[in-house]
Amino acid sequence: MVNPKVKKRLINSLDYLRKMNFFKDYSNLTSEEILEKIFSGEIGYKNWWGEKEEEENSIYIPPRGVLLKESIEDFQGCP
């Protein structure tokens with residue numbers, strides 16, 4: 001589980017980005033719902049940054065949002 005303070009900051013960031021017309025395709029969702037969909041991999045963002053699609057025979061890499069959530073959770077566990 002992501003620390004509530006970190007989650008709130010991410011949601012605030014999404015609120016800010018939405019004011020600049022990011023996530024227009026998800027206007028029916030709250031920023032918290034968008035964050036959960038990013039964390040679950042339902043909303044991907046790698047192609048928004050110009051990365052090419054992976055080849056069919058390449059190694060599977062989890063969606064960036066899933067990796068982001070895992071790294072946040074791992075960092076929280078550090079002393």
Side-chain angles (χ1 to χ4, degrees):
M1 178 171 186
V2 175
N3 179 306
K5 286 183 182 181
V6 173
K7 187 173 182 178
K8 178 68 175 158
R9 286 185 181 188
L10 292 170
I11 290 169
N12 288 341
S13 296
L14 285 170
D15 288 340
Y16 178 80
L17 291 171
R18 293 179 82 181
K19 290 177 186 173
M20 297 188 311
N21 291 323
F22 283 80
F23 302 104
K24 287 188 294 187
D25 294 343
Y26 303 98
S27 61
N28 60 321
L29 300 176
T30 66
S31 293
E32 185 169 357
E33 290 170 326
I34 291 172
L35 181 62
E36 292 304 321
K37 288 187 177 290
I38 289 171
F39 281 166
S40 72
E42 291 178 63
I43 295 176
Y45 57 86
K46 73 175 190 169
N47 292 329
W48 297 348
W49 300 104
E51 294 181 27
K52 295 181 180 177
E53 285 292 321
E54 297 157 4
E55 306 241 345
E56 285 186 32
N57 297 329
S58 65
I59 298 171
Y60 172 75
I61 299 173
R64 301 290 196 265
V66 173
L67 295 173
L68 172 65
K69 183 178 180 192
E70 288 174 0
S71 68
I72 290 170
E73 291 171 342
D74 288 346
F75 181 77
Q76 291 173 167
C78 293

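Note that the structure is predicted; figures quoted are calculated from it, not measured. Basis for what follows: all heavy atoms, side chains included, without hydrogens, waters or symmetry-related copies.
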Check: Would Leu10 and Phe23 show up in the same hydrophobic cluster when neighbours are defined by side-chain heavy atoms closer than 4.5 Å?
Finding: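 Hydrophobic grouping puts Leu10 with Phe23.
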Notebook entry, point to check: If two hydrophobic side chains count as joined below 4.5 Å and joins carry through other members, does Val66 share a cluster with Phe39?
Noted result: no
Item checked: Worked check of side chain to side chain contact (heavy atoms under 4.5 Å, CB included) between Val6 and Arg9 -> CA-CA 5 Å; Val6 173; Arg9 286 185 181 188; 5.7 Å; no
Next item on the list: Using a 4.5 Å cut-off on heavy atoms from C-beta on, say whether the side chain of Tyr26 contacts that of Leu14.
Entry: no
Note to self: To check you understand the geometry: which heavy-atom pair defines the closest contact between Glu73 and Val2, and what is its length?
What the structure shows: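 Looking at all heavy atoms of both residues, the shortest contact is OE2-N, 4.0 Å.
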Next item on the list: Quick one: which residue pairs count as a salt bridge (Lys or Arg N to Asp or Glu O under 4.0 Å) with a foot in residues 28-39, not counting sequence neighbours?
Entry: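 Qualifying pairs, neighbours excluded: Lys7-Glu32, Lys7-Glu36, Lys37-Glu42.
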Margin query: How long is the straight-line distance from CG of Leu35 back to CG of Asp15, given to the nearest 0.5 Å?
Written below: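 Between Asp15 CG and Leu35 CG, I get 10.5 Å after rounding to 0.5 Å.
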